[in-house]
Amino acid sequence: MQPRLFFVSKVLLVVLLTAICMRALRQSPSFTGLSKFATHERGVTHVLVTGGAGFIGSHAALRLLEDGHRVTIVDNLSRGNMGAVEQLQALFPEPGRLQFIYCDLGDSKRVNEIFKENAIDAVMHFAAIAYVSESMVDPLRYYHNITFNTLTVLEAMKTYGVKKLIYSSTCATYGEPEMMPITETTPQVPINPYGKAKKMSEDLIQDFAKNSDFSVMILRYFNVIGSDPKGRLGEAPRPELRKHARISGACFDAAMGIIPGIQVRGSDYNTTDGTCIRDYIHVTDLVDAHVKALEKAKRAEVSVYNVGTGKGSSVKEFVEACKFATGVNVTVTILDRRPGDYAEVYSDPSKIRRELNWVAQHLDLESSLSDAWRWRKQHPNGYSVAMI
C-alpha cells in the first residue's frame with residue numbers, strides 16, 4: 001500500500017502545482033492576451049502621442065521614453081516619418097515601452113478602437129498640418145485636419161475615461177496683436193485658416209472641460225527650430241512641401257545646393273529691418289514645457305501657456321545665423337509678402353516660468369541652428385540614409 005500512497009501523493013502534488021501555475025498564468029497579461037499597453041501599471045504613465053512621427057512629436061516621445069513613461073504613437077505618416085519611429089524603437093526596444101499605431105485621426109471608429117484596446121493615462125495631441133501658406137490655399141483641409149480631428153480625440157477620451165490632455169496650440173491664434181510681447185490674455189484674432197482652426201480646437205476643448213473633471217494644458221508655442229542635441233532625431237520635411245517649409249529647412253536646402261537660395265517673403269514690414277520678427281524656440285525646450293505641463297496638470301482645470309523665449313529675432317537675423325551655422329553664404333532673394341503672414345510676434349513667457357518653473361535654455365540662434373544642421377548634414381535624404 002505504501003508505494004501506491006506515495007504515487008497518489010505525487011500525483012496530487014503535481015495537480016496542485018499545476019493549478020497554482022495555471023492560476024498565475026491566467027493572471028498574467030501574456031496569458032490573457034493583454035499587452036503591457038493594455039493594462040495600467042502603478043508608477044508608469046502611458047501617454048498617447050498623436051503625430052508622434054513628426055518633428056515635434058517624435059522629440060516629445062523621445063523625452064517621455066527617457067523619463068520612463070510608456071508611449072503609444074498614433075500617426076498617419078502624411079507628414080511624419082516612419083524613420084523617426086524606427087529610431088525610437090531602436091533606442092527603446094524593451095517590451096511595453098513604445099508602440100506605433102498607424103491611424104488617421106479622422107477615422108473615429110479606429111480612434112475609438114485604439115482607446116478601447118489601450119490603457120491610456122494621458123494624451124499629448126500634436127497631430128496637425130501646420131503651414132500658414134498652405135492653409136490659405138486649402139482652408140477646408142485645415143479645419144478638418146485640426147478642428148474635426150481634435151473633436152474625435154476628445155470624444156474618445158470622454159468615452160474611455162482618459163482625463164488628461166496636453167494640447168499643442170500655436171501663437172497663430174493671436175493673429176497680429178497691437179501690443180508686444182504677447183501674453184496669454186492677448187486677444188485671439190487669427191488671420192489665417194491655420195490659426196483659426198487651432199483657435200476653434202481650443203474653444204472645443206475649453207467648452208468641453210467646463211462640465212468635466214478633465215485636466216487640460218493648452219500650450220501656444222512660437223517658431224520651433226533646432227533638433228535633438230545628441231543627433232538622434234531631426235527634422236525631415238517632405239520634398240513636395242518645400243514651398244511651405246520652415247525657413248530653417250529652406251536655409252539648409254540652399255546650403256546643400258538643393259535649391260538655388262533662400263526666398264525671404266516681405267522686406268517692407270514695420271520692423272527694424274523690414275523683415276518679419278519671430279520668437280524662435282528650440283524643440284527640446286518646447287518638449288520640456290510639455291513634460292512639465294504633464295506633471296503639473298490639475299484635475300478639473302484648464303491652463304493656457306505661451307511657450308517662447310520672450311525674444312524676437314528678424315528673418316534677416318535668422319538668415320545670418322543660418323549662414324554662420326552652415327558655413328555657406330547662401331543667396332537671398334526678396335519676394336512679396338506671403339498671404340496670411342504678420343509682421344511681429346514674440347512671447348511673454350512669464351506665466352509659464354512662474355507656474356511651471358519653465359524657462360527656455362537655448363537662446364542663441366546660431367547654436368540652435370547648428371544642432372539642426374548637424375543632423376541634416378548627416379541625413380541629407382531624411383531618415384532613409386545616414387552619412388557617417
Side-chain angles (χ1 to χ4, degrees), residues 54-60 79-81 84 126 129-134 168 170-172 194 221-266 273 275-287 307-309 311-335 338 341 345-347 360-383:
F55 170 46
I56 300 170
S58 61
H59 280 78
R79 298 286 165 95
N81 290 276
F126 293 98
I129 50 179
Y131 293 118
V132 167
S133 57
E134 184 185 46
S168 166
T170 170
C171 64
Y194 169 61
Y221 45 87
F222 290 66
N223 295 67
V224 188
I225 59 172
S227 66
D228 173 46
K230 295 182 180 179
R232 295 167 294 182
L233 296 171
E235 183 175 17
R238 297 180 182 276
E240 66 270 20
L241 295 170
R242 281 199 172 97
K243 63 181 179 180
H244 301 299
R246 302 177 219 274
I247 186 173
S248 56
C251 284
F252 297 155
D253 282 347
M256 298 178 78
I258 297 172
I259 59 176
I262 304 170
Q263 296 179 339
V264 173
R265 304 300 297 265
D273 61 24
T275 62
C276 294
I277 290 178
R278 297 290 182 267
D279 188 337
Y280 297 100
I281 179 171
H282 198 288
V283 64
T284 56
D285 283 334
L286 177 60
V287 166
V307 188
T309 65
K311 173 188 174 186
S313 300
S314 72
V315 170
K316 182 178 179 181
E317 291 171 332
F318 187 97
V319 170
E320 292 303 314
C322 193
K323 289 180 180 180
F324 179 87
T326 62
V328 180
N329 187 24
V330 298
T331 302
V332 180
T333 303
I334 305 296
L335 301 179
R338 184 174 61 177
D341 250 344
V345 174
Y346 61 94
S347 69
Q361 301 298 314
H362 300 80
L363 301 178
D364 183 72
L365 272 180
E366 294 173 357
S367 176
S368 295
L369 289 170
S370 293
D371 286 339
W373 174 241
R374 192 179 309 114
W375 187 89
R376 182 67 188 277
K377 263 199 315 185
Q378 293 177 348
H379 302 80
N381 299 310
Y383 282 95

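Along the sequence shown, residues are numbered consecutively beginning with 1. Note that the structure is predicted; figures quoted are calculated from it, not measured.
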- Item | Sidechain-backbone polar pair: His59 side chain, Ser227 backbone, donor-acceptor under 3.5 Å | no
- Message: For Asp279 versus Thr309, what's the shortest heavy-atom pair and its separation?
- Response: OD1-OG1, 2.6 Å
- Query: Any ion pair linking Lys311 and Glu317 (charged N to carboxylate O, less than 4.0 Å)?
  - Reply: no
- Message: On a heavy-atom basis, which atom in Gly226 and which in Phe55 lie closest, and how many Å separate them?
- Response: O-CZ, 3.2 Å
- Answer yes or no: is there a side-chain heavy-atom contact under 4.5 Å between Asp285 and Val307? no
- Item | Distance (rounded to the nearest 0.5 Å) between Thr284 OG1 and Asp371 CG | 7.5 Å
- Query: Would you say Tyr194 and Ile129 make side-chain contact, with heavy atoms under 4.5 Å?
  - Reply: no
- Note on the structure: d(Ser368 OG, His282 NE2) to nearest 0.5 Å is 4.5 Å
- Message: Looking at every non-hydrogen atom in both residues, tell me the closest pair between Phe318 and Cys251 and how far apart they are.
- Response: CE2-SG, 4.3 Å
- Query: So do Tyr221 and Ile56 actually touch side chain to side chain, heavy atoms under 4.5 Å?
  - Reply: yes
- Message: I'd like to know whether the aromatic ring centres of Tyr383 and Trp375 sit less than 6.0 Å apart in this structure.
- Response: yes
- Task: Check Ser248 against Glu235 and note the closest heavy-atom contact, atom names and distance.
- Result: OG-OE1, 4.1 Å
- Query: Do Met256 and Trp373 have side chains that get closer than 4.5 Å, going by heavy atoms?
  - Reply: yes
- Which atom of Gly249 lies closest to which atom of Arg376, heavy atoms considered: O-NH1, 4.0 Å
- Query: So which heavy atom on Phe222 is nearest to which on Ile281, and how close?
  - Reply: C-CG2, 4.3 Å
- Look at atom NZ of Lys323 and say whether more than 12 heavy atoms of other residues, nucleotides or ligands are closer to it than 6.0 Å. yes
